[in-house]
Amino acid sequence: MAARPYTLLRQALARSSKVGIAKYAWSGRERLDLLRLREDAIVLHAMRWPDEVRDPAAVDPPNETLSQEELDGALALVGRMSRDDREGPEFADTYTDALAKIIESKREDKPLPDVPEPEQPGKVLDLMAALNESVQ
């Protein structure tokens, strides 16, 4: 039933080179989103109301002067860490998978699944030190 209006909206957005604004209620609050085309699909982008957006000046770090060497190092690091594919275990939704296992266990009155211990605790990195190390 929704295929015809969806196709009509998709084609109208494509031909007009415009975006749509959607306003709807969800999770007890009115939401505002942007509808745009990406390939052959309508994509929904969350927008924020003014009361949900902090003034950038409140979170703006102090002015820092960066050297060209630092910027070149950062760009080199970004280039090395970039990838075009989105395949592999780091792109799997492990939270949803674990939640589904818990729900299934509770549904069948089975004990909850074991939680694997992390191999190593996470560590805090000094980004500038890591950048310098990786560039060298």
Side-chain angles (χ1 to χ4, degrees):
M1 182 184 287
R4 189 169 185 81
Y6 179 88
T7 303
L8 180 63
L9 177 59
R10 187 183 69 216
Q11 288 183 8
L13 290 174
R15 288 187 186 177
S16 68
S17 296
K18 296 191 180 219
V19 298
I21 301 294
K23 187 175 176 183
Y24 58 95
W26 184 35
S27 295
R29 182 147 193 197
E30 201 168 52
R31 303 288 176 183
L32 190 64
D33 287 0
L34 177 92
L35 301 169
R36 74 173 182 93
L37 290 182
R38 181 170 178 126
E39 298 174 5
D40 286 333
I42 298 174
V43 180
L44 186 72
H45 294 276
M47 297 175 65
R48 302 286 180 214
W49 295 105
D51 68 322
E52 296 176 306
V53 179
R54 282 196 259 174
D55 179 8
V59 295
D60 194 22
N63 288 338
E64 292 288 333
T65 303
L66 302 174
S67 70
Q68 188 61 43
E69 183 180 284
E70 289 173 314
L71 187 53
D72 291 342
L75 290 171
L77 180 61
V78 167
R80 269 197 301 272
M81 295 180 74
S82 296
R83 51 192 278 191
D84 294 328
D85 69 321
R86 289 181 200 92
E87 303 292 326
E90 62 271 20
F91 294 106
D93 184 357
T94 56
Y95 176 82
T96 301
D97 293 342
L99 186 59
K101 289 177 185 175
I102 291 171
I103 291 169
E104 190 62 29
S105 295
K106 287 188 173 204
R107 182 181 295 145
E108 297 175 359
D109 286 327
K110 293 182 179 177
L112 294 177
D114 291 331
V115 178
E117 290 295 322
E119 293 176 15
Q120 296 179 10
K123 60 180 181 177
V124 178
L125 296 177
D126 177 356
L127 292 179
M128 288 305 294
L131 173 63
N132 289 332
E133 183 181 320
S134 70
V135 170
Q136 294 179 15

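Just so it is clear, the model here is predicted, and its values are computed rather than measured. Position 1 is the first residue of the sequence; numbering continues from there.
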| remark: d(Gln11 CD, Asp40 CG) to nearest 0.5 Å is 9.5 Å
| request: Calculate, to the nearest 0.5 Å, the distance between atoms CG and CG belonging to Leu44 and Leu34 respectively. | output: 8.0 Å
| query | Just wondering, more than 12 heavy atoms not from Arg15 lying within 6.0 Å of its CZ? | reply | no
| Arg31: partners by salt bridge (charged side-chain N to carboxylate O under 4.0 Å, His left out), with sequence neighbours left out | Glu52
| Met47 and Ile21: CA distance, side-chain angles, deciding distance, side-chain contact (heavy atoms from CB on, under 4.5 Å) verdict | CA-CA 9 Å; Met47 297 175 65; Ile21 301 294; 4.0 Å; yes
| Between Asp33 and Ala46, what is the shortest heavy-atom contact and its length? | OD1-CA, 3.3 Å
| field | NZ on Lys101 to CG on Asp114, rounded to 0.5 Å | value | 11.0 Å
| request: Please say whether more than 12 non-hydrogen atoms of neighbouring residues, nucleotides or ligands are located less than 6.0 Å from CG in Asp51. | output: yes
| query | Has Trp26 got more than 12 heavy atoms of other residues, nucleotides or ligands less than 6.0 Å from its CH2? | reply | no
| task | Linking directly or through intermediates, with side-chain heavy atoms under 4.5 Å: list the remaining ILVMFWY members grouped with Val59, chain and number order. | result | none
| message | I'd like to check the side-chain contact (heavy atoms from CB on, under 4.5 Å) partners of Leu66; sequence neighbours left out, ordered by chain and number. | response | Glu70
| query | What residues, two or more places apart in sequence or in another chain, satisfy side-chain contact (heavy atoms from CB on, under 4.5 Å) together with Asp85? | reply | Arg83, Glu87
| Between Arg36 and Leu13, is a side-chain contact (heavy atoms from CB on, under 4.5 Å) present by the stated rule, with each step listed? | CA-CA 7 Å; Arg36 74 173 182 93; Leu13 290 174; over 6 Å; no
| query | Can you name the side-chain contact (heavy atoms from CB on, under 4.5 Å) partners of Leu99, sequence neighbours left out? | reply | Tyr95, Ile103
| query | Just by distance, do the side chain of Tyr6 and the backbone of Ile42 share a donor-acceptor pair under 3.5 Å? | reply | yes
| said: Please say yes or no: joined through hydrophobic side-chain contacts below 4.5 Å, possibly via intermediate residues, are Leu35 and Tyr24 part of one cluster? | reply: yes
| task | Please identify each residue that fulfils side-chain contact (heavy atoms from CB on, under 4.5 Å) with Glu39, with sequence neighbours left out. | result | none
| query | Do Leu37 and Leu9 share a hydrophobic cluster (ILVMFWY, side-chain heavy atoms under 4.5 Å, transitive)? | reply | yes
